[in-house]
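Please read the structure below before turning to the comments.
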Amino acid sequence: MRKGTLVASIVLASFAYGYTVEGVDHPSSVTMEGTTLRLIGVGIRQATIFKVNVYTLGAYTLNPTCNTASLITSDEPKMLRLHFLRHVEGKKMRENMEKSFAKHTPKDASEDLKKRIREFIDQFGIDAPKGADVEVRYVPQKGTTVIINGKQMGAPIPGHDFIKILWSIYLSEGTCCPSAREGIIRSCAEINK
């Protein structure tokens, strides 16, 4: 085998197994309730003016695309995976979520949608230690489920209207997390060549 062929094989294999950022591997695919989701991209959530790395964020969906508007609005199985790079107190996480949802929730949102948002935020009342894994899974007709370190945190939050808001928090131009969004867009182009 020629040297160039060997190098090309190694590069292709690395993408087949996943994408690693900050030492955290996000596999190229995951199985969720019998459905295989593919990795779209990975970014890093940074906080404060010092750009402290808080968690890695992997986005998975049934039908991969690098079009963020399509990712936000698609009504298909999808998942966000957060891996915490530092300890975050539950109180701080809830405060950040409340601000993000307030910014992205439509002004004419129904009381029912506001109630479901509160129920979702309430599932994050615990500390996230360094190394914690959080999966936010969406299945049409079932809703959005939060899994922290393998444990389901509460009942699924129903509604496509809810998951659109959640994904817009991360992937819209008005994102809470520009570094995570930029990383997902950049790595999406690499992963889905």
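In this chain, residues are counted from 1 in sequence order.
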Taking [X] for its side chain and [Y] for its backbone only, find out whether a donor-acceptor pair lies under 3.5 Å.
| X | Y | answer |
| --- | --- | --- |
| S74 | E76 | no |
| H104 | K164 | no |
| T61 | K78 | no |
| T56 | I44 | no |
| N149 | D133 | yes |
| T20 | G23 | no |
| E190 | G41 | no |

Among the clusters formed by ILVMFWY side chains lying less than 4.5 Å apart, do [X] and [Y] turn up in the same one?
| X | Y | value |
| --- | --- | --- |
| M97 | V52 | no |
| L113 | V136 | yes |
| W167 | V42 | no |
| I147 | I157 | no |
| L82 | V30 | no |

Take T65 and N63, measure what side chain to side chain contact (heavy atoms under 4.5 Å, CB included) needs, and give me the verdict at the end. CA-CA 7 Å; T65 177; N63 297 298; over 6 Å; no

Under 3.5 Å, is there a donor-acceptor pair linking the side chains of T35 and E33?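 Looking only at side-chain atoms, E33 and T35 do not form any donor-acceptor pair under 3.5 Å.
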
How are the rings of F101 and F120 set relative to one another: parallel (under 30°), tilted (30 to 60°) or perpendicular (over 60°)?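 Taking F120 first and then F101, their aromatic rings stand perpendicular (interplane angle over 60°).
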
Using 0.5 Å steps for rounding, measure from the [atom1] atom of [X] to the [atom2] atom of [Y].
| X | Y | atom1 | atom2 | answer |
| --- | --- | --- | --- | --- |
| T144 | M79 | OG1 | CE | 13.0 Å |
| K103 | T105 | NZ | OG1 | 12.0 Å |
| I185 | L71 | CD1 | CG | 9.5 Å |
| T31 | L37 | OG1 | CG | 8.0 Å |
| I72 | L171 | CD1 | CG | 5.5 Å |
| H26 | I184 | NE2 | CD1 | 9.0 Å |

Smallest separation among heavy atoms of [X] and [Y], with atom names:
| X | Y | result |
| --- | --- | --- |
| G58 | L39 | CA-CD1, 4.4 Å |
| G131 | H83 | O-CE1, 3.3 Å |
| F84 | P129 | CB-O, 3.7 Å |
| A189 | C66 | N-SG, 3.9 Å |
| T175 | Y170 | OG1-O, 3.0 Å |
| N67 | A69 | OD1-N, 3.0 Å |

Would you check if [X] and [Y] make a side-chain contact, meaning some heavy-atom pair closer than 4.5 Å?
| X | Y | answer |
| --- | --- | --- |
| R86 | V54 | yes |
| Y138 | H160 | yes |
| L57 | R45 | no |
| R181 | T68 | yes |
| F162 | R116 | yes |
| H87 | D127 | yes |
| Y55 | V134 | no |
| R38 | Y60 | no |

Evaluation steps, side chain to side chain contact (heavy atoms under 4.5 Å, CB included), between D25 and Y19: CA-CA 6 Å; D25 182 51; Y19 197 90; 5.7 Å; no

Within the supplied structure, the quantity of interest is the number of heavy atoms (other residues, nucleotides, ligands) at a distance under 6.0 Å from R94 CZ; does it exceed 12?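 Counting neighbours around CZ of R94, more than 12 heavy atoms of other residues, nucleotides or ligands fall under 6.0 Å, so yes.
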
Counting neighbours of NZ on K114 that are heavy atoms of other residues, nucleotides or ligands and sit closer than 6.0 Å, is the number greater than 12?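 It does: K114 NZ has more than 12 such atoms within range.
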
Could you give me the CA-CA distance, side-chain angles and deciding distance for D161 and I165, then say whether side chain to side chain contact (heavy atoms under 4.5 Å, CB included) is met? CA-CA 7 Å; D161 54 350; I165 295 171; 5.8 Å; no

I would like to know whether E135 and R137 meet salt bridge (charged side-chain N to carboxylate O under 4.0 Å, His left out); could you show each step before the answer? CA-CA 6 Å; E135 294 179 358; R137 303 173 179 180; 2.6 Å; yes

Before you tell me yes or no, could you show the steps for L85 and V24 under side chain to side chain contact (heavy atoms under 4.5 Å, CB included), namely the whole-Å CA-CA distance, both residues' side-chain angles and the distance that decides it to 0.1 Å? CA-CA 9 Å; L85 301 171; V24 179; 3.9 Å; yes

Any salt bridge between K99 and E95, counting N to O under 4.0 Å?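 Answer for the salt bridge query: no.
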
